[in-house]
Amino acid sequence: MPSTNVKAISESTRDKLKLAVGHLETFLNQYALPQLTQEDQGSDSELFYKGLLADLRHMLVFSEVAYEKLGVALRRPNFDIDFAERGLYEAYHQCVNAFFYPKNECYSEDGRYAYTGQDAIRFRKKPVRAARDIVLTVSKVYEELRDDLSYYESDYMTQRRMQGQK
C-alpha cells in the first residue's frame, strides 16, 4: 500500500476512533449499573447491563490505545509505514472486532438488515434508551472503520508472511 494512502487511512482512522472514544467516555461517565437497572427492572437486567458495560469499557480502552498508537505514527518526523500499518491492523482486530463480536453478546449484528437502511444491531434484551443509543451511535463509526480497514482483516498478514518468505 503506498505511504500516502497509509498516512491518509491512519489520519482518518484516528479521527473516527476519537469520535468513538468521545461517545463511549461520555456514556460511561454518565451511566452506572444502578442507574441502568433502576430504569429497567427486568428479570435478567443486572446481568445484561453488567455485560454491556464491560464490553463498552473494553471497546473504550482498545480504541484509546489504537488512537494513541496512530497518533505516535502520525507525529513522527519520518512517517514509518510499517509502524502505522501495524497500528491499523490492531485497530481492526481489537477495536472493530471488540464491537462486532462483544464478549458478553448483549447485542449482535444481523447481516440481513445491513443493506436495508435499518439498524443491523439486534439486542439480546430490549435495553433502556441510553444504552441502545450509545451502541447504535458507535456502530456507525465501527462500521465505517470496518469498511476502511478491510485490507487489514486478512490481506495485510498474508502479505507480511509472503514478504518474510522471500
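Along the sequence shown, the residues carry numbers beginning at 1.
Contacts of R76 classified as salt bridge (charged side-chain N to carboxylate O under 4.0 Å, His left out), with partners at least two apart in sequence or in another chain: D80. With sequence neighbours left out, E105 forms a side chain to side chain contact (heavy atoms under 4.5 Å, CB included) with no residue at all. Under the rule for a salt bridge (charged side-chain N to carboxylate O under 4.0 Å, His left out), the partners of D148 that lie at least two apart in sequence or sit in another chain are K16. Taking the side chain to side chain contact (heavy atoms under 4.5 Å, CB included) definition, one finds that D44 meets it with K125, sequence neighbours left out. For R129, the salt bridge (charged side-chain N to carboxylate O under 4.0 Å, His left out) criterion is met by D133, not counting sequence neighbours.
Within the structure, salt bridge (charged side-chain N to carboxylate O under 4.0 Å, His left out) contacts touching residues 87-100 (residues at least two apart or in different chains) are K69-E90, R86-E90. Listed by first and then second residue, the salt bridge (charged side-chain N to carboxylate O under 4.0 Å, His left out) pairs involving residues 94-104 amount to none (not counting sequence neighbours). Note on residues 56-67: pairs passing side chain to side chain donor-acceptor pair (under 3.5 Å), not counting sequence neighbours, are R14-Y67, S63-Y142.
Of the possible polar contacts, none joining the E68 side chain to the V65 backbone as a donor-acceptor pair under 3.5 Å is found. Panel note: side chain S12, backbone I9; no donor-acceptor pair is recorded below 3.5 Å. Side chain of R124 to backbone of N104: a donor-acceptor contact under 3.5 angstrom is found. Side chain of E109 to main chain of S139: no donor-acceptor pair is present (N/O by atom type, distance under 3.5 Å, no hydrogens or angles).
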When the side chains of residues 18-28 are checked against the rest of the protein, which donor-acceptor pairs come out under 3.5 Å, sequence neighbours left out?
residue	atom	partner	partner atom	Å
T26	OG1	G22	O	2.8

Less than 3.5 Å apart, which donor and acceptor atoms pair up between the side chains of residues 46-53 and the rest of the protein, not counting sequence neighbours?
residue	atom	partner	partner atom	Å
E46	OE2	K50	NZ	3.4
Y49	OH	D40	OD2	3.0
Y49	OH	V128	N	2.8

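Counting all heavy atoms, side chain and backbone alike, A91 lies closest to L149 at CB-CD1, 4.1 Å. In this structure, S10 and F79 approach most closely via the heavy-atom pair OG-CZ, 4.1 Å. Closest of all the heavy-atom pairs between C95 and M59 is O-CG, 4.5 Å.
One hydrophobic cluster holds both I134 and F100 under the rule that ILVMFWY side chains link at heavy-atom gaps under 4.5 Å.
Y107 places none of its side-chain heavy atoms less than 4.5 Å from the side chain of R132. Counting heavy atoms from C-beta on, the side chains of F99 and L145 never come closer than 4.5 Å.
Residues near F62 contribute nothing to a hydrophobic cluster around it, because no ILVMFWY side-chain heavy atom sits closer than 4.5 Å to its side chain. In the hydrophobic clustering (ILVMFWY side chains linked at under 4.5 Å, chained through shared members), V72 is joined by F83.
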Could you walk me through whether R146 and Y92 pass the side chain to side chain contact (heavy atoms under 4.5 Å, CB included) check? CA-CA 7 Å; R146 180 173 58 184; Y92 183 90; 4.0 Å; yes
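Rounding to the nearest 0.5 angstrom, the gap separating the CG atom in D15 from the CG atom in L70 is 10.0 Å. Between the OH atom of Y101 and the OG atom of S108 there is a distance of 10.5 Å, given to the nearest 0.5 Å.
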